[in-house]
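Each residue takes its place number in the sequence, starting with 1.
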Amino acid sequence: MSTITIHRAEFFSCSSRNGSSTFHRFHRIPSCWTTIKMESKSSQTRKEELSIQTAKTPSIPHLETSRPSDLRFDRLQTSHQGLKPGERLDFGQFVARGAMVDEEFWTAAWLRAESHWEGKPSERYVDNFKRKFAEQEFNAIKRRCKGQHWQKCRCIVTVKKEDRNIKRTILKSVVGTLDFSIRHLLHGKSFPGELGKPLACGIHAADMNKYGYVSNLCVAKSARRQSIASNMLYFVIELARSDGIEQVYVHVHRNNRPAKQLYQKMGFEMVELASSQLLEEQTDLLCVKT
(Lines give C-alpha, C1' and ligand atoms only; values in the text may rest on other atoms or scores of the structure.)
Protein backbone atom coordinates (compact mmCIF):
# COMPACT_ATOMS: atom_id res chain seq x y z
CA MET A 1 0.00 0.00 0.00
CA SER A 2 1.32 3.48 -0.83
CA THR A 3 0.16 6.65 0.94
CA ILE A 4 0.09 10.23 -0.34
CA THR A 5 -0.42 13.01 2.21
CA ILE A 6 -2.29 16.12 1.06
CA HIS A 7 -2.53 19.27 3.18
CA ARG A 8 -6.01 20.73 3.12
CA ALA A 9 -5.96 24.52 3.38
CA GLU A 10 -8.40 26.45 5.52
CA PHE A 11 -10.12 29.63 4.44
CA PHE A 12 -11.02 32.78 6.29
CA SER A 13 -12.98 35.87 5.35
CA CYS A 14 -13.39 39.33 6.73
CA SER A 15 -16.11 41.92 6.34
CA SER A 16 -15.76 45.61 5.63
CA ARG A 17 -18.24 48.16 6.81
CA ASN A 18 -18.16 51.95 6.37
CA GLY A 19 -14.68 51.78 4.91
CA SER A 20 -12.99 50.02 7.84
CA SER A 21 -12.18 46.35 8.16
CA THR A 22 -13.61 44.40 11.07
CA PHE A 23 -12.08 41.12 12.14
CA HIS A 24 -14.35 38.42 13.51
CA ARG A 25 -13.76 35.20 15.34
CA PHE A 26 -13.47 32.21 13.04
CA HIS A 27 -13.63 28.60 14.01
CA ARG A 28 -11.30 26.15 12.35
CA ILE A 29 -12.94 23.97 9.73
CA PRO A 30 -12.61 20.42 10.95
CA SER A 31 -10.56 18.28 8.64
CA CYS A 32 -11.41 14.72 7.77
CA TRP A 33 -9.76 11.61 6.48
CA THR A 34 -10.66 10.42 2.99
CA THR A 35 -9.61 7.02 1.76
CA ILE A 36 -9.81 5.96 -1.85
CA LYS A 37 -9.24 2.32 -2.58
CA MET A 38 -8.32 1.12 -6.03
CA GLU A 39 -8.19 -2.56 -6.86
CA SER A 40 -6.45 -4.15 -9.82
CA LYS A 41 -5.81 -7.78 -10.63
CA SER A 42 -2.60 -8.84 -12.29
CA SER A 43 -1.54 -12.19 -13.70
CA GLN A 44 -0.45 -13.09 -10.19
CA THR A 45 -3.89 -12.03 -8.91
CA ARG A 46 -2.18 -9.57 -6.55
CA LYS A 47 -4.50 -6.99 -5.04
CA GLU A 48 -3.08 -3.46 -4.66
CA GLU A 49 -4.62 -0.78 -2.57
CA LEU A 50 -3.94 2.93 -2.89
CA SER A 51 -4.91 5.15 -0.01
CA ILE A 52 -5.02 8.94 -0.26
CA GLN A 53 -5.43 10.68 3.05
CA THR A 54 -5.84 14.33 3.93
CA ALA A 55 -3.81 15.31 6.97
CA LYS A 56 -5.26 17.25 9.83
CA THR A 57 -4.10 20.86 9.88
CA PRO A 58 -2.74 22.45 13.07
CA SER A 59 -4.93 24.73 15.13
CA ILE A 60 -4.96 28.37 14.09
CA PRO A 61 -5.53 31.10 16.72
CA HIS A 62 -8.94 32.75 16.62
CA LEU A 63 -9.24 36.28 15.33
CA GLU A 64 -11.46 38.31 17.62
CA THR A 65 -13.10 41.71 17.28
CA SER A 66 -10.73 44.15 18.98
CA ARG A 67 -12.42 47.51 18.66
CA PRO A 68 -15.77 48.00 20.43
CA SER A 69 -18.56 48.91 18.06
CA ASP A 70 -20.00 51.61 20.34
CA LEU A 71 -17.05 54.03 20.04
CA ARG A 72 -18.27 57.43 18.90
CA PHE A 73 -15.49 59.20 17.02
CA ASP A 74 -17.61 62.34 16.71
CA ARG A 75 -18.07 62.55 20.49
CA LEU A 76 -17.31 66.01 21.84
CA GLN A 77 -14.57 66.69 24.35
CA THR A 78 -15.28 65.47 27.90
CA SER A 79 -15.56 68.15 30.56
CA HIS A 80 -13.04 67.98 33.40
CA GLN A 81 -14.44 70.83 35.47
CA GLY A 82 -15.66 68.46 38.18
CA LEU A 83 -12.18 67.08 38.91
CA LYS A 84 -10.44 68.08 42.12
CA PRO A 85 -7.10 69.97 41.92
CA GLY A 86 -5.13 66.84 42.84
CA GLU A 87 -6.79 64.90 40.02
CA ARG A 88 -5.68 67.26 37.26
CA LEU A 89 -2.79 69.52 36.35
CA ASP A 90 -3.42 72.74 34.40
CA PHE A 91 -0.57 74.19 32.38
CA GLY A 92 -0.74 76.62 29.48
CA GLN A 93 -3.53 75.61 27.12
CA PHE A 94 -3.61 72.02 28.37
CA VAL A 95 -4.82 69.81 31.22
CA ALA A 96 -3.23 66.52 32.31
CA ARG A 97 -5.58 64.01 33.97
CA GLY A 98 -6.70 60.40 33.88
CA ALA A 99 -8.59 59.16 30.82
CA MET A 100 -12.32 58.94 31.58
CA VAL A 101 -14.13 57.50 28.54
CA ASP A 102 -13.38 54.80 25.96
CA GLU A 103 -12.84 57.34 23.20
CA GLU A 104 -9.97 58.83 25.21
CA PHE A 105 -8.46 55.38 25.76
CA TRP A 106 -8.74 54.74 22.02
CA THR A 107 -7.11 58.08 21.11
CA ALA A 108 -4.28 57.34 23.56
CA ALA A 109 -3.79 53.97 21.86
CA TRP A 110 -3.75 55.62 18.44
CA LEU A 111 -1.11 58.16 19.56
CA ARG A 112 1.05 55.24 20.66
CA ALA A 113 0.56 53.55 17.31
CA GLU A 114 1.58 56.77 15.54
CA SER A 115 4.66 57.03 17.74
CA HIS A 116 5.59 53.38 17.23
CA TRP A 117 5.44 53.65 13.43
CA GLU A 118 6.92 57.14 13.25
CA GLY A 119 9.70 57.37 10.69
CA LYS A 120 8.29 54.48 8.63
CA PRO A 121 5.73 56.24 6.41
CA SER A 122 6.86 54.46 3.25
CA GLU A 123 6.50 50.97 4.68
CA ARG A 124 3.87 48.95 2.89
CA TYR A 125 0.49 48.63 4.63
CA VAL A 126 1.68 50.91 7.45
CA ASP A 127 -1.86 52.25 8.02
CA ASN A 128 -3.17 48.73 8.51
CA PHE A 129 -0.34 47.97 10.92
CA LYS A 130 -1.06 51.13 12.92
CA ARG A 131 -4.76 50.32 13.11
CA LYS A 132 -4.07 46.80 14.34
CA PHE A 133 -1.49 48.09 16.84
CA ALA A 134 -4.01 50.64 18.15
CA GLU A 135 -6.71 47.99 18.57
CA GLN A 136 -4.37 45.73 20.54
CA GLU A 137 -3.09 48.62 22.68
CA PHE A 138 -6.65 49.82 23.37
CA ASN A 139 -7.57 46.42 24.80
CA ALA A 140 -4.29 46.25 26.72
CA ILE A 141 -4.91 49.67 28.32
CA LYS A 142 -8.39 48.62 29.42
CA ARG A 143 -7.04 45.40 30.94
CA ARG A 144 -4.23 47.21 32.76
CA CYS A 145 -6.57 49.86 34.15
CA LYS A 146 -8.86 47.18 35.56
CA GLY A 147 -5.78 45.99 37.41
CA GLN A 148 -5.52 43.60 40.31
CA HIS A 149 -6.09 44.11 44.00
CA TRP A 150 -2.35 44.69 44.55
CA GLN A 151 -1.55 46.72 41.43
CA LYS A 152 -3.14 49.86 40.03
CA CYS A 153 -2.64 51.45 36.62
CA ARG A 154 -3.92 54.72 35.19
CA CYS A 155 -3.84 55.96 31.61
CA ILE A 156 -2.90 59.64 31.79
CA VAL A 157 -3.86 61.94 28.93
CA THR A 158 -3.18 65.56 28.16
CA VAL A 159 -6.10 67.37 26.55
CA LYS A 160 -6.63 70.84 25.22
CA LYS A 161 -8.50 73.14 27.58
CA GLU A 162 -12.17 73.65 26.94
CA ASP A 163 -13.15 76.71 24.95
CA ARG A 164 -16.72 77.96 24.86
CA ASN A 165 -16.28 79.21 21.32
CA ILE A 166 -14.73 75.99 19.97
CA LYS A 167 -16.29 72.55 19.97
CA ARG A 168 -13.68 69.82 19.70
CA THR A 169 -14.07 66.09 19.36
CA ILE A 170 -12.13 63.84 21.71
CA LEU A 171 -9.98 62.70 18.79
CA LYS A 172 -8.73 66.26 18.32
CA SER A 173 -8.45 67.19 21.99
CA VAL A 174 -6.08 64.45 23.27
CA VAL A 175 -2.46 65.39 22.50
CA GLY A 176 -0.38 63.31 24.92
CA THR A 177 -0.49 60.13 26.97
CA LEU A 178 1.41 57.83 29.33
CA ASP A 179 0.71 54.91 31.65
CA PHE A 180 1.37 55.25 35.35
CA SER A 181 1.16 52.14 37.50
CA ILE A 182 1.67 51.46 41.19
CA ARG A 183 3.51 48.21 41.74
CA HIS A 184 5.15 46.35 44.60
CA LEU A 185 8.82 45.53 45.04
CA LEU A 186 9.24 42.05 46.44
CA HIS A 187 11.33 41.51 49.54
CA GLY A 188 14.96 40.97 48.70
CA LYS A 189 14.75 43.05 45.51
CA SER A 190 16.51 46.39 45.21
CA PHE A 191 14.86 47.51 41.96
CA PRO A 192 12.22 46.25 39.49
CA GLY A 193 13.30 43.20 37.53
CA GLU A 194 16.41 42.50 39.60
CA LEU A 195 17.89 39.10 38.90
CA GLY A 196 19.87 36.69 41.03
CA LYS A 197 18.04 37.08 44.34
CA PRO A 198 15.59 34.46 45.61
CA LEU A 199 12.04 35.53 46.32
CA ALA A 200 10.68 35.21 49.82
CA CYS A 201 7.75 32.82 50.11
CA GLY A 202 4.43 33.66 51.73
CA ILE A 203 4.78 37.41 51.25
CA HIS A 204 1.57 39.39 50.92
CA ALA A 205 1.19 42.54 48.85
CA ALA A 206 0.76 44.63 52.00
CA ASP A 207 4.25 43.61 53.08
CA MET A 208 5.92 44.77 49.86
CA ASN A 209 7.39 48.18 49.09
CA LYS A 210 5.32 50.19 46.61
CA TYR A 211 6.86 52.04 43.71
CA GLY A 212 5.59 53.96 40.68
CA TYR A 213 6.32 52.99 37.09
CA VAL A 214 6.01 55.14 33.95
CA SER A 215 5.60 53.71 30.45
CA ASN A 216 4.27 54.47 26.96
CA LEU A 217 4.92 58.20 27.08
CA CYS A 218 4.24 59.93 23.76
CA VAL A 219 3.04 63.30 22.45
CA ALA A 220 1.30 64.11 19.18
CA LYS A 221 3.70 65.59 16.60
CA SER A 222 1.51 68.68 16.21
CA ALA A 223 1.72 69.45 19.94
CA ARG A 224 5.40 68.88 20.70
CA ARG A 225 7.79 71.39 22.28
CA GLN A 226 5.07 72.73 24.55
CA SER A 227 6.26 71.02 27.77
CA ILE A 228 3.50 68.41 27.57
CA ALA A 229 5.74 65.42 28.34
CA SER A 230 7.51 67.11 31.26
CA ASN A 231 4.21 68.24 32.79
CA MET A 232 2.71 64.76 32.52
CA LEU A 233 5.78 63.40 34.33
CA TYR A 234 5.49 66.10 36.98
CA PHE A 235 1.81 65.19 37.40
CA VAL A 236 2.44 61.46 37.98
CA ILE A 237 5.35 62.19 40.34
CA GLU A 238 2.96 64.29 42.41
CA LEU A 239 0.39 61.49 42.28
CA ALA A 240 3.05 59.11 43.59
CA ARG A 241 4.03 61.47 46.39
CA SER A 242 0.41 61.93 47.49
CA ASP A 243 0.03 58.13 47.63
CA GLY A 244 3.07 57.71 49.86
CA ILE A 245 5.29 56.33 47.08
CA GLU A 246 8.94 57.27 47.42
CA GLN A 247 10.36 56.07 44.07
CA VAL A 248 9.20 56.19 40.45
CA TYR A 249 10.97 54.11 37.77
CA VAL A 250 11.09 54.16 33.99
CA HIS A 251 12.92 52.11 31.34
CA VAL A 252 14.41 53.96 28.38
CA HIS A 253 16.40 52.79 25.36
CA ARG A 254 20.07 53.69 25.64
CA ASN A 255 20.14 55.33 22.22
CA ASN A 256 17.07 57.49 22.89
CA ARG A 257 18.94 60.63 23.92
CA PRO A 258 15.97 63.06 23.83
CA ALA A 259 14.00 60.80 26.20
CA LYS A 260 16.96 60.37 28.56
CA GLN A 261 17.53 64.12 28.63
CA LEU A 262 13.84 64.67 29.44
CA TYR A 263 13.88 62.20 32.34
CA GLN A 264 17.15 63.56 33.70
CA LYS A 265 15.70 67.05 33.54
CA MET A 266 12.84 65.80 35.74
CA GLY A 267 15.28 64.41 38.31
CA PHE A 268 15.54 60.80 37.17
CA GLU A 269 18.90 59.11 37.75
CA MET A 270 20.32 55.91 36.32
CA VAL A 271 20.14 52.78 38.47
CA GLU A 272 23.70 51.58 38.05
CA LEU A 273 23.07 48.11 39.48
CA ALA A 274 20.52 47.45 36.75
CA SER A 275 22.77 48.49 33.86
CA SER A 276 24.73 45.23 33.67
CA GLN A 277 21.51 43.19 33.68
CA LEU A 278 20.00 45.18 30.81
CA LEU A 279 22.92 45.00 28.36
CA GLU A 280 21.17 42.68 25.94
CA GLU A 281 18.00 44.78 25.91
CA GLN A 282 20.05 47.98 25.35
CA THR A 283 17.89 49.59 28.01
CA ASP A 284 18.57 51.73 31.07
CA LEU A 285 16.50 51.86 34.25
CA LEU A 286 16.04 55.35 35.67
CA CYS A 287 14.60 56.33 39.04
CA VAL A 288 13.44 59.55 40.71
CA LYS A 289 12.77 59.99 44.43
CA THR A 290 9.60 61.82 45.27
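Every residue meeting the salt bridge (charged side-chain N to carboxylate O under 4.0 Å, His left out) condition with Glu114, not counting sequence neighbours, appears here in chain and number order: Lys130. The side-chain contact (heavy atoms from CB on, under 4.5 Å) check on Cys155 picks up Ala99, Phe105, Ala108, Arg112, Ile141, Cys145, Val157, Thr177, Asp179, with sequence neighbours excluded. Residues satisfying the side-chain contact (heavy atoms from CB on, under 4.5 Å) criterion with Thr107, sequence neighbours excluded, are Ile170, Leu171, Val174. Remark: Phe235 pairs with no residue by the ring-ring contact (aromatic ring centres under 6.0 Å, His included) rule, at least two apart or across chains. Shown here are the side-chain contact (heavy atoms from CB on, under 4.5 Å) partners of Gln247, two or more places apart in sequence or in another chain: Tyr249, Cys287, Lys289.
Here OG of Ser181 is found 8.5 Å from CZ of Arg144. Values are rounded to the nearest 0.5 Å. Atoms CZ and CH2, on Phe133 and Trp110 in that order, are 11.0 Å from each other to the nearest 0.5 Å. Rounded to the nearest 0.5 Å, atoms CG (Asp74) and CD (Glu103) are 9.0 Å apart. Taking CE of Met266 as the start and CE of Met232 as the end, the distance is 11.0 Å to the nearest 0.5 Å. Here the CG atom belonging to Leu286 is positioned 12.5 Å from the CZ atom belonging to Phe191, to the nearest 0.5 angstrom. Atom CG of Leu239 is separated from atom CG of Leu89 by 9.0 Å, given to the nearest 0.5 angstrom.
One hydrophobic cluster, built from ILVMFWY side chains closer than 4.5 Å, cannot hold both Trp117 and Leu111; they sit in different ones. Val95 is not connected to Val175 by any chain of hydrophobic side-chain contacts under 4.5 Å among Ile, Leu, Val, Met, Phe, Trp and Tyr, and they are in different clusters. Under the 4.5 Å side-chain contact rule for hydrophobic residues, Phe268 and Leu217 share a cluster. Note: the hydrophobic cluster containing Val159 does not contain Phe94 (ILVMFWY, side chain heavy atoms under 4.5 Å, direct or indirect links). Both Phe180 and Leu233 belong to a common hydrophobic cluster when Ile, Leu, Val, Met, Phe, Trp and Tyr are linked at side-chain heavy-atom distances under 4.5 angstrom.
Applying the 6.0 Å contact sphere to CD of Gln93 captures no more than 12 heavy atoms from other residues, nucleotides or ligands. Other residues, nucleotides and ligands contribute over 12 non-hydrogen atoms within 6.0 Å of the CD atom of Glu87. No more than 12 heavy atoms of other residues, nucleotides or ligands shown are found within 6.0 angstrom of CD on Glu269.
Using a cut-off of 4.0 Å between Lys/Arg side-chain N and Asp/Glu carboxylate O, Asp243 and Arg241 are scored as not salt-bridged. For the pair Asp102 and Lys142, the salt-bridge criterion is met [side-chain N within less than 4.0 Å of a carboxylate O].
In plain terms, the two heavy atoms of Ala223 and Ile228 that are nearest each other are O-CD1, 3.3 Å. Heavy-atom minimum distance, Ala229 versus Leu262: CB-CD2, 3.7 Å. Summarising the geometry of Leu279 relative to Gln282, their closest heavy-atom pair is O-NE2, 3.0 Å, with the distance given to 0.1 Å. For the residue pair Leu185 and Pro192, the shortest heavy atom distance occurs at CD1-N, 3.7 Å.
Geometrically, Arg183 engages Tyr213 in a cation-pi contact defined by less than 6.0 Å to the ring centre and at most 45° from the axis.
Gln77 contributes a side-chain N or O that, together with a main-chain N or O of Lys160, makes up a donor-acceptor pair within less than 3.5 Å. Thr169 places no side-chain N or O within donor-acceptor distance of the main-chain N or O of Arg75, the cut-off being under 3.5 Å. Remark: side-chain polar atoms of Glu104 are paired, donor with acceptor, to backbone N or O of Met100 under 3.5 angstrom.
Screening residues 218-229 for side-chain hydrogen bond (donor to acceptor under 3.5 Å, both in side chains), with sequence neighbours left out, gives Glu118-Arg224.
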Walk me through whether Asn209 and Tyr211 qualify under side chain to side chain contact (heavy atoms under 4.5 Å, CB included). CA-CA 7 Å; Asn209 296 321; Tyr211 67 92; over 6 Å; no
